[in-house]
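If you read the sequence from its start, that first residue is 1, and numbering goes on from there.
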Amino acid sequence: MAWAGRLAGGVAGLLLLCAPALAQEITGATYTDPTTRYDHGVLGDDEEWGALRLDLSDGRQRIMTLPETMVFEDTAPRLFDVTGDGAPEVVVVEADLQRGARLAVWGAAGRLAATPYIGRPHRWLAPVGVADLDGDGKPEIAYIDRPHLLGLLRVWRLEQNKLVHVADAPNLTNHRIGWDHIPGGFRDCGDGPEIIVASKDWSQVMAVQFRNGGLESRALGPANGPDSLNDALICR
């Protein structure tokens, strides 16, 4: 019937008008707005960052500016698929001038989630990376909490816009004060993802895997500075 055709066409047009714009993927991220308002210097200089620039797949850029009470205390933003949807998010280290560092995940529309702050100023964390550690199809995020003091490997998972704690392993590190880089990371040599870090005293290169519901560490050999961690990422 003619009226039915007109109705169907009208409904289709209405649905088209009401459909949300296609979500834009993040294609790049850069810290901007250097600042000296946080006097920690754990990365070897007195400058941190006040904003995060996101490059989007449609060619636009978005600038995410932190309040004056915060900085990005980090080497560089990292693009990882944290949600498991095939598109990258941005993993960063934020620091509050009074509460110290936390790890945060940002999407194209803003911050998705963050861990609790360490709780004191001049306390930092060093990211390791993102991988599906337990084989359940959901990515986990790993970092070292206070690599110069506590040396605690912590693993979290993003669930419903909240970072949920998964597991910890003690006496590990991946950074020394003044380094402007973070060595180590993830590797998979055929037996599942491994976290490559150092023993807290920097005597051994360590491989950490998720097994039997927790994190298990084993020594790979002597640690001779940051290059030994990066070398261990290569499967031989």
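Proximity of a side-chain donor or acceptor of Glu159 to a complementary backbone N or O of Val164 within less than 3.5 Å is not detected. Of the possible polar contacts, none joining the Arg157 side chain to the Val166 backbone as a donor-acceptor pair under 3.5 Å is found.
Counted within 6.0 Å of CZ on Arg120, heavy atoms from surrounding residues, nucleotides or ligands total 12 or fewer; the atom is thus considered open.
Sorted by first then second residue, the side chain to side chain donor-acceptor pair (under 3.5 Å) pairs that include residues 225-236, not counting sequence neighbours, number zero.
Put simply, the side chain of Asp168 does not reach to within 4.5 Å of the side chain of Leu215, judged on heavy atoms. For the pair Arg146/Leu125, no side-chain contact is recorded, criterion being any heavy-atom separation below 4.5 Å from C-beta on. Contact annotation: the side chain of Glu25 never approaches that of Leu79 to less than 4.5 Å [non-hydrogen atoms, C-beta and beyond]. Inter-residue side-chain proximity for Cys189 and Arg187 is flagged as met; some heavy-atom pair is nearer than 4.5 Å.
By the 4.0 Å N-to-carboxylate-O rule, Arg111 lies close enough to Glu94 to be salt-bridged with it. One finds a salt bridge joining Asp191 and Arg211 here, because a Lys/Arg side-chain nitrogen approaches an Asp/Glu carboxylate oxygen to under 4.0 Å. Contact check on Arg60 versus Asp58 returns a salt bridge, with a Lys/Arg side-chain nitrogen under 4.0 Å from an Asp/Glu carboxylate oxygen.
With Ser217 as the fixed residue, the side-chain contact (heavy atoms from CB on, under 4.5 Å) test singles out one of Ile195, Leu172, Asn171: Leu172.
Residues meeting the side-chain contact (heavy atoms from CB on, under 4.5 Å) test with Ala207, sequence neighbours left out: Glu194, Ile196, Arg218, Leu220. For Tyr117, the ring pair (Phe, Tyr, Trp, His ring centres under 6.0 Å) test picks out no residue, with sequence neighbours left out. With sequence neighbours excluded, the residues satisfying side-chain contact (heavy atoms from CB on, under 4.5 Å) with Pro77 are Ala29, Tyr31, Leu52, Val90, Val92. Leu163 pairs by the side-chain contact (heavy atoms from CB on, under 4.5 Å) definition with Leu103, Val105, Ala113, Thr115, Ile141, Trp156, Leu158, not counting sequence neighbours. Taking Asp188 as the reference, Pro193 meet the side-chain contact (heavy atoms from CB on, under 4.5 Å) condition, with sequence neighbours excluded.
Atom NE2 of His148 sits about 10.0 Å away from atom NZ of Lys200, to the nearest 0.5 Å. Separating the CD atom in Glu47 from the CD atom in Glu73 is a distance of 13.0 Å, to the nearest 0.5 Å. Considering CH2 of Trp49 and OG1 of Thr75, their distance stands at 11.0 Å, rounded to 0.5 Å. If you take CG on Asp134 and CG on Asn212, they are separated by 12.5 Å, rounding to the nearest 0.5 Å. Rounding to the nearest 0.5 Å places CD of Gln61 at 9.0 Å from CG of Leu54. To the nearest 0.5 Å, atoms CE (Met206) and OG1 (Thr173) are separated by 12.0 Å.
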Next on the checklist: Evaluate Glu140 against Asp132 for side-chain contact (heavy atoms from CB on, under 4.5 Å), listing each step before the verdict.
Outcome noted: CA-CA 6 Å; Glu140 280 80 39; Asp132 179 10; 3.7 Å; yes

Checklist entry - Going through the checks in order, is the side-chain contact (heavy atoms from CB on, under 4.5 Å) test met by Val128 and Arg154? => result CA-CA 10 Å; Val128 175; Arg154 309 209 75 190; over 6 Å; no

Next on the checklist: Go through it in stages, so that I can follow the logic: the residues are Val208 and Val197, the test is side-chain contact (heavy atoms from CB on, under 4.5 Å), and I'd like the CA-CA distance, side-chain angles, deciding distance and then a yes or no.
Outcome noted: CA-CA 8 Å; Val208 186; Val197 289; 4.2 Å; yes

Checklist entry - Yes or no on side-chain contact (heavy atoms from CB on, under 4.5 Å) for Phe72 and Met64, after CA distance, side-chain angles and deciding distance? => result CA-CA 11 Å; Phe72 291 107; Met64 310 297 193; 5.5 Å; no

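Between the side chains of His122 and Asp39, at least one donor N or O sits under 3.5 Å from an acceptor N or O.
Checked against the 6.0 Å centroid criterion, the rings of Trp179 and Trp202 qualify as a close aromatic pair.
Looking at every heavy atom in both residues, Gln24 comes nearest to Ala108 through O-CB, 3.8 Å.
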